[in-house]
Amino acid sequence: MARDPRRDLLAGLTVAVVALPLALGFGVSSGLGAEAGLATAVVAGTLAALFGGSNLQVTGPTGAMTVVLVPIVAKYGPGGVLTVGLMAGVLLIGLALLRAGRAMRFVPAPVVEGFTLGIACVIGLQQVPGALGVPKPDGDKVLVVTWRAVDEFVRTPNWTAAALAAAVAAVMLLGARWRPGVPFSIVGVVGATVVAQACHLTAAPPIGDLPSGLSAPSLGFLDLSVLGSLLAPAVAVAALAALESLLSATVADGMTVGQRHDPDRELFGQGIANIAAPLFGGVPATAAIARTAVNVRTGAGSRLAALTHAAVLAVIVFAASPLVAKIPLAALAGVLVATAIRMIEVGSLRAMLGATRSDAVVLVLTALGTLALDLVYAVVIGLVVAGALALRAVARQTRMDQVDFRPDLPGEHSDEEHVLLAEHIVAYRVDGPLFFAGAHRFLLELTEISDVRVVILRLSRVTTMDATGALVLKDAVQKLDRRGIAVLTSGLRPGQRRTLDSVGALEPLHGREYATTPEAIAGAHAHLVATGVLPAPRQSASAVPVEQPTP
């Protein structure tokens, strides 16, 4: 994409207009106030644009991060959130130095869709108290808080706040369908503010006074005595920041031609941003998928667009804070409700749910985990379930089929000899992986073999073998040996030999390993002869030595 500074400046201005109500709303929703959201958008947005690994990312406060922060605020207070952000920044830099960014490609799509759906539901539910104009009830579980807010509204309804929130959400949703390029979030917020001021709607309280500038950087919030108890929340915030930022960068790459992000540098940039933002009173930040998408769609081609977005928000902080202070809280709640609704991609969800049963299970569990627990636990649950289902699917690919060994029989044999050999020798071909997820099924099948004297295992098609698979093979060979059934193998690869040797599985196979199936069949024949099961081959007349006359 060719660089065009004018397009970057226009894109940055457009993103700033979109980001302003979101930054205010997520700041309020997190519990630290609108000024915290603005500080994050300015400070984190600038540093992530400078040091991050994507030319198109836009960083700031996000709904996903708010979901994680609300219970932290309830338990540890604002100072705890700032400390968690600082610790998360350090962890992100550590992940960047460990080059962990490339692990993002191992996150399955159903997990991503599931937590996106769960986040959208949580963001929407978090706005219910503000949208209904009732004080936020106590509690750290979003479902409990929502229920209490609705109960309070039923007892003392505030139709003014509810109407403002519904109007702003409707303007955003309907306007996006009519003119997708127009920032209807700012249109709705401005309209609601004008109506509230003109009609003196005291039932729809405004944001309130905002500082006319960023606070001086300070570590006054840091309490070293609580660092240990805040480690788990910091890990959760760092994990979310890494996941959402790398997902956003991947989405941005897919929307452009020629743009590719550096995942490890992106983690480093997000780490720097999250270390700096708390110093200015900002909440933890991450790349914002929605704002990044607006940035790309409006023609951004370089980091100048994201820097312009942060600069415009800084100007608003310094020059327009008295006007921003008059925005009704219900209007911001309406913006976030509409944002949550727009996060849900119905077509993508329908496609994922209809793909496979496993994908549907992973998506639903991840979404429910996000709603009932928290995002990081939900992602862990989704990854564990997805991994277990994937292992089960891979394990089912392992097959052990009996095969006809006569085409590989060396030499010429009569029909009678063929029948005789078939009575005592059976050959099996093992296909697929022989590892912990499916090895015991293999053991069960193998040890059920009976009425033969020799089993030939053709292992050339085994794709992988771990220690569990090797131990299971060793156990099966020993059990068959105790029943008088010899096990021979053919086609063992060097890597498989190392695995078998490491657990001592080659010992019961000593002298019974063959490079090819014909050699293994010849070895089986020799074993049957040596044990007296088959008669020794008669020597041909030409092979009988002729006694020489004595001179």
Side-chain angles (χ1 to χ4, degrees), residues 23-24 26-48 51-52 59-98 100 122 126 136 138-142 210-211 213-245 267-288 373-377 379-380:
L24 295 170
F26 289 135
V28 172
S29 184
S30 70
L32 270 70
E35 61 273 18
L38 284 173
T40 300
V42 173
V43 176
T46 300
L47 293 174
F51 296 102
T59 294
T62 65
M65 189 62 75
T66 301
V67 172
V68 178
L69 296 181
V70 169
I72 299 176
V73 174
K75 188 171 183 179
Y76 300 102
V81 172
L82 300 179
T83 303
V84 163
L86 186 68
M87 296 170 66
V90 175
L91 292 174
L92 285 168
I93 291 179
L95 289 175
L97 296 177
L98 292 172
V122 173
Q126 282 179 342
K136 184 178 179 181
D138 295 331
D140 58 354
K141 296 298 182 183
V142 68
L210 292 172
L214 296 175
S215 61
S218 170
L219 280 172
F221 61 85
L222 190 61
D223 183 359
L224 298 179
S225 64
V226 298
L227 292 184
S229 60
L230 291 176
L231 180 59
V235 171
V237 169
L240 174 58
L243 188 65
E244 190 169 12
S245 296
L267 290 181
F268 180 81
Q270 293 296 328
I272 294 294
N274 277 284
I275 288 174
L279 304 181
F280 295 88
V283 296
T286 179
L373 303 172
D374 67 48
L375 182 63
V376 175
Y377 284 135
V379 171
V380 171

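No experiment lies behind these values; they were computed from the predicted model shown.
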Can you find a heavy atom in the side chain of [X] that is under 4.5 Å from one in the side chain of [Y]?
| X | Y | value |
| --- | --- | --- |
| Leu227 | Leu224 | yes |
| Tyr76 | Val226 | no |
| Lys136 | Val70 | yes |
| Val81 | Pro284 | yes |
| Thr286 | Asn274 | no |

query: Is a donor on one side and an acceptor on the other found under 3.5 Å between the side chain of Ser215 and the backbone of Phe280?
result: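 Flag set: sc Ser215 to bb Phe280 pair under 3.5 Å.
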query: With sequence neighbours left out, which residue pairs that include part of residues 229-244 fulfil the side chain to side chain donor-acceptor pair (under 3.5 Å) condition?
result: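 Those involving residues 229-244 are Thr62-Glu244.
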Closest approach of [X] and [Y], non-hydrogen atoms and distance?
| X | Y | answer |
| --- | --- | --- |
| Leu47 | Ala276 | CD1-CB, 3.2 Å |
| Ala242 | Leu95 | CB-CD1, 4.5 Å |
| Leu267 | Ala96 | CB-CB, 3.9 Å |
| Ser30 | Leu69 | CB-CD1, 4.3 Å |
| Ala241 | Leu92 | CB-CD1, 3.9 Å |
| Thr40 | Ala285 | CG2-CB, 3.5 Å |

query: What residue among Leu24, Val283, Leu32 forms side chain to side chain contact (heavy atoms under 4.5 Å, CB included) with Pro61?
result: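 So, applying the side chain to side chain contact (heavy atoms under 4.5 Å, CB included) to Pro61 and each of Leu24, Val283, Leu32, only Val283 qualifies.
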- request: Can you measure from OG1 (Thr59) to CZ (Phe51) and round to the nearest 0.5 angstrom?
  value: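 Answer for the OG1-CZ pair, Thr59 versus Phe51, is 13.0 Å.
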- prompt: For the atom pair CG (Leu279) and CG (Leu214), what is the distance rounded to the nearest 0.5 Å?
  reply: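 Spacing of CG (Leu279) from CG (Leu214) equals 12.0 Å.
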- request: Output, in order, the C-alpha distance, side-chain angles, deciding distance and verdict of side-chain contact (heavy atoms from CB on, under 4.5 Å) for Ile72 and Val237.
  value: CA-CA 10 Å; Ile72 299 176; Val237 169; 4.2 Å; yes
